[in-house]
Amino acid sequence: MTALYIILWALLGLAALLFAYIFLIIISSLFVDMKKEYERDSRYYRWLLNSSTAIAVKLIRIHIQVSGKEKLPDGRFLLVSNHRSKFDPILSWHIFAKENLSFISKPENFKVPIYGRLIHRCCFMPIDRENPRNAMKTVRRAVDLINNDVASVAVYPEGTRNYGKELLPFHNAMFKIAQKANVPVAVVTVRGADLIQKNYPLKRSDVYIDVLEVIPAETVKELKTNEIGDLTAGLMNKKLNG
């Protein structure tokens with residue numbers, strides 16, 4: 001019976017810790033000003049974001065295999081990736097936690113309870129895809145984040161989730177971020193994240209995140225944005241359909 005009591009108390013203790021942690025996240029999110037455009041990342045909110053994501057990955061039983069991470073530069077960069085699942089950015093900021101990624105994302109994601117506030121405080125940026133002038137404001141802010149060494153920036157050149165096998169046409173204006181900030185472009189693919197909802201809770205999900213190539217800043221500067229788009233799309237298609 002003593003062993004049973006120990007187990008019960010341990011479970012109660014874990015439940016209490018989890019409740020306290022969730023309560024901490026909820027309360028902390030309320031202090032984020034959604035009308036303010038933050039110029040500096042917050043270590044505290046970044047910790048909340050990364051730690052809660054790590055817990056979720058364990059609970060949902062997502063097994064992530066990563067390759068090519070050693071190719072990433074020491075300094076800031078623009079990360080571009082394909083986009084087939086709403087889990088893509090979540091798993092990417094989890095795997096590249098040390099790289100401090102700030103994503104350009106659709107405005108609806110910032111309305112998600114609690115987490116919309118966390119990503120806003122971590123300098124994630126909404127983009128107005130219907131208004132080119134507003135979209136360029138986001139591009140300029142992304143450049144500032146990189147130049148001020150606040151964060152590396154991550155974008156999905158397809159512009160939206162792609163439910164097919166072939167990549168959607170790229171919004172090549174996103175590559176202006178790398179050109180204006182004079183940083184390399186890290187080309188990444190994510191495979192398997194689109195099966196997570198189907199697999200959970202009965203099956204484990206295997207997700208593959210691959211850093212295919214890092215295009216040097218000098219090359220990025222020399223090429224036109226559509227040429228960078230063609231180059232990155234070619235690398236992604238080779239990996240996704242090879």
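In this structure the side chain of I62 reaches within 4.5 angstrom of the side chain of I64, judged on heavy atoms. Between Y156 and M174, the closest side-chain pair of non-hydrogen atoms is not below 4.5 Å. The side-chain heavy atoms of P73 and V214, taken from C-beta on, include a pair separated by under 4.5 Å. Side-chain contact between L17 and F19 is absent, with no heavy-atom pair separated by less than 4.5 Å. Here the side chains of F175 and I177 are not in contact, with every heavy-atom distance at 4.5 Å or above. No side-chain heavy atom of E99 sits under 4.5 Å from any side-chain heavy atom of R76. Side-chain contact between W93 and C122 is absent, with no heavy-atom pair separated by less than 4.5 Å. I114 is listed as a side-chain neighbour of I26, based on a closest heavy-atom distance under 4.5 Å.
More than 12 non-hydrogen atoms from other residues, nucleotides or ligands lie less than 6.0 angstrom from CD of E227. No more than 12 heavy-atom neighbours from other residues, nucleotides or ligands sit within 6.0 angstrom of CD on E130. Heavy atoms from other residues, nucleotides or ligands lying under 6.0 Å from NZ of K203 number 12 at most.
Formation of a donor-acceptor pair under 3.5 Å by the E213 side chain with backbone atoms of T232 is not found in this model. Remark: the backbone N or O of N100 is not paired with any side-chain donor or acceptor of S152 at under 3.5 angstrom. Panel note: side chain E222, backbone T219; no donor-acceptor pair is recorded below 3.5 Å. For N162 (side chain) and E166 (main-chain N/O), a donor-acceptor pair under 3.5 Å exists by modelled atom type. Between the side chain of K106 and the main chain of I127, no donor-acceptor pair closer than 3.5 Å is present. A donor-acceptor pair under 3.5 Å links the side-chain atoms of Q179 to the main chain of V220, judged by distance alone. For R121 (side chain) and F31 (main-chain N/O), no donor-acceptor pair under 3.5 Å exists by modelled atom type.
If you chain together hydrophobic residues whose side chains sit under 4.5 Å apart, L118 and V57 fall into the same group. Hydrophobic clustering of Ile, Leu, Val, Met, Phe, Trp and Tyr side chains at less than 4.5 Å, counting indirect connections, keeps F23 apart from L14. In this structure, F110 is a member of the same hydrophobic cluster as F87, with clusters built from ILVMFWY side-chain heavy atoms closer than 4.5 Å. In this structure, L212 is not a member of the same hydrophobic cluster as L101, with clusters built from ILVMFWY side-chain heavy atoms closer than 4.5 Å. In terms of hydrophobic clustering, with Ile, Leu, Val, Met, Phe, Trp and Tyr side chains grouped at heavy-atom distances under 4.5 Å, L231 and L78 are assigned to a common cluster.
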Criterion side chain to side chain contact (heavy atoms under 4.5 Å, CB included) on N109 and F124, from CA distance to verdict: CA-CA 10 Å; N109 288 336; F124 285 40; over 6 Å; no

I'd like to know whether L49 forms a side chain to side chain contact (heavy atoms under 4.5 Å, CB included) with Y115, so could you lay out the CA-CA distance, the side-chain angles of the two residues, the decisive distance to 0.1 Å, and finally the verdict. CA-CA 8 Å; L49 185 67; Y115 273 87; 3.9 Å; yes

Please test Q65 against I209 for side chain to side chain contact (heavy atoms under 4.5 Å, CB included), starting from the C-alpha separation and ending with a verdict. CA-CA 6 Å; Q65 297 186 44; I209 298 180; over 6 Å; no

Stepwise side chain to side chain donor-acceptor pair (under 3.5 Å) check, S51 with Y21: CA-CA 10 Å; S51 60; Y21 178 69; 2.5 Å; yes

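Between the NE2 atom in H63 and the OG atom in S205 there is a gap of 11.5 Å [rounded to 0.5 Å]. For the atom pair NE2 of H171 and OG1 of T160, the computed distance is 8.0 Å after rounding to the nearest 0.5 Å. Of the inter-residue distances, the one linking C123 atom SG with D41 atom CG reads 5.0 Å to the nearest 0.5 angstrom. Residue Y45 holds its OH atom at 7.0 Å from OH of Y38, rounded to the nearest 0.5 Å. I119 CD1 to R46 CZ: the interatomic distance, rounded to the nearest 0.5 Å, is 10.5 Å. Separation of atoms CG (N237) and CG (N82) is listed at 9.5 Å; rounding is to 0.5 Å.
Contact detail for R40 and N148: the closest heavy-atom pair is NH1-O, 3.4 Å. Closest approach of M236 to F170, counting heavy atoms only: SD-CZ, 3.9 Å. Across all their heavy atoms, P157 and S81 have their closest contact at CD-O, 3.4 Å. What you find for Y200 and L59 is that their closest heavy atoms are CE1-O, 3.8 Å. The two atoms that bring I95 and K69 nearest to each other are O-NZ, 2.8 Å, heavy atoms only. Heavy-atom minimum distance, T53 versus H94: CG2-CB, 3.7 Å.
Remark: R84 is not positioned above the aromatic ring of Y163, lacking an NZ or CZ atom under 6.0 angstrom from the ring centre and at most 45 degrees off the axis.
Between S67 and Y208, the side chains place no donor N or O within less than 3.5 Å of an acceptor N or O (distance only, hydrogens not considered). D88 and H83 share a donor-acceptor pair across their side chains, judged by distance under 3.5 Å alone.
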Please list every donor-acceptor pair under 3.5 Å in which a side-chain atom of residues 180-197 meets a protein atom from a residue at least two apart or in another chain.
from : atom 1 : to   : atom 2 : distance (Å)
R191 : NH2    : D210 : OD2    : 2.8

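Here side chain to side chain donor-acceptor pair (under 3.5 Å) pairs that include residues 26-37, with residues two or more places apart or in two chains, are S28-Y44.
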